[in-house]
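A short worksheet on the structure shown next.
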Amino acid sequence: MNKKIMNQNINIILAIIGGVFLAMQGGFNAQLGVQLRNPLMASLVAFFFSMVFALLMVLLSLKSLPKASVLFGIPKYLWFTGALFSVIGICLYYYTIPKLGISTMISLGLFGQLLFSVIAGHHGWFGMPQEPMELKRILGMVAMCIGILLIKEN
């Protein structure tokens, strides 16, 4: 097996593991939200400890600090918009998992991600390569809708 295919397979496995971890954190933090009786408080706790863990990982892996010119060259909105959407999305997960169930919520959340990513990819948003809307992408989304209907408990 050539190196490019092997690297691609490793990336696919890592993406699947990342998805498993996101589903696990949603389950754990939804439980925390139920225990605290406040999904926003669960989000605050989760993001605080996420920051602590990210800081430790950065400190252990950082080879050099970015130059000031790089930091000042970053558009101001990029410093906070991803975090804002992350907090809103995660809060919605923690709020809806106890109400819908983890498999229903995660499958609906994944559908939302897929729908947005297909549209964003088609238009090349966020400076990403354009991925034309093709019949196979549309069929994939229809297949996912059918899968969600099959997964949904009621």
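Nothing fancy with the numbering, it's 1 onward along the sequence. Computed from a prediction, not measured in an experiment: that's the story for all the values here.
Side-chain contact between F48 and L44 is absent, with no heavy atoms from C-beta onward closer than 4.5 Å. Side-chain contact check for I90 versus Q25: some heavy-atom pair is nearer than 4.5 Å.
Both I13 and F21 belong to a common hydrophobic cluster when Ile, Leu, Val, Met, Phe, Trp and Tyr are linked at side-chain heavy-atom distances under 4.5 angstrom. Follow the hydrophobic side-chain contacts under 4.5 Å out from M57 and you never reach F49; the two are in separate clusters. When hydrophobic clusters are built by joining Ile, Leu, Val, Met, Phe, Trp and Tyr residues whose side-chain heavy atoms come closer than 4.5 Å, directly or via intermediates, V52 is not grouped with L60. Grouping the Ile, Leu, Val, Met, Phe, Trp and Tyr side chains by contacts below 4.5 angstrom, directly or via other members, places F28 apart from L100.
The minimum heavy-atom distance between P98 and V34, with the atom names listed, is CG-CG2, 3.6 Å. The two atoms that bring I74 and L78 nearest to each other are CG2-CB, 4.0 Å, heavy atoms only. L40 approaches C91 most closely through the heavy-atom pair CD2-SG, 3.3 Å. Between A46 and N29, the shortest heavy-atom contact is CB-ND2, 3.7 Å. The shortest non-hydrogen separation linking S43 to Y94 is OG-CD1, 3.3 Å. When all heavy atoms are compared, the tightest approach of F111 to M141 is CE1-O, 3.9 Å.
Separating the CE atom in M41 from the CG atom in L32 is a distance of 9.5 Å, to the nearest 0.5 Å. Atoms CZ and OG, from R137 and S117 in turn, are 8.5 Å apart once rounded to the nearest 0.5 Å. Between the CD1 atom of I17 and the CG atom of L22 there is a distance of 12.0 Å, given to the nearest 0.5 Å. Put simply, CG on L110 and CG on L115 are 12.5 Å apart, with the number rounded to the nearest 0.5 Å. Note that OG of S103 is 9.0 Å distant from CG of L108, once rounded to the nearest 0.5 Å. Note: M24 CE to I102 CD1 = 9.5 Å, rounded to the nearest 0.5 Å.
The main-chain N or O of L92 is found under 3.5 Å from a side-chain atom of T96 such that the two form a donor-acceptor pair.
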- Task: Take Y93 and I106 through the side-chain contact (heavy atoms from CB on, under 4.5 Å) test and state the conclusion after the steps.
- Result: CA-CA 8 Å; Y93 264 44; I106 295 297; 3.6 Å; yes
- Item | Worked check of side-chain contact (heavy atoms from CB on, under 4.5 Å) between F72 and K67 | CA-CA 9 Å; F72 289 119; K67 295 182 180 191; over 6 Å; no
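Y95 OH: 12 or fewer foreign heavy atoms inside a 6.0 Å radius. The environment of M51 atom CE is dense: over 12 non-hydrogen atoms of other residues, nucleotides or ligands sit within 6.0 angstrom.
Residues that satisfy the side-chain hydrogen bond (donor to acceptor under 3.5 Å, both in side chains) test with Q130, not counting sequence neighbours, are absent from this structure.
Between H123 and W125, the two ring planes are parallel [angle under 30°; tilted spans 30° to 60°].
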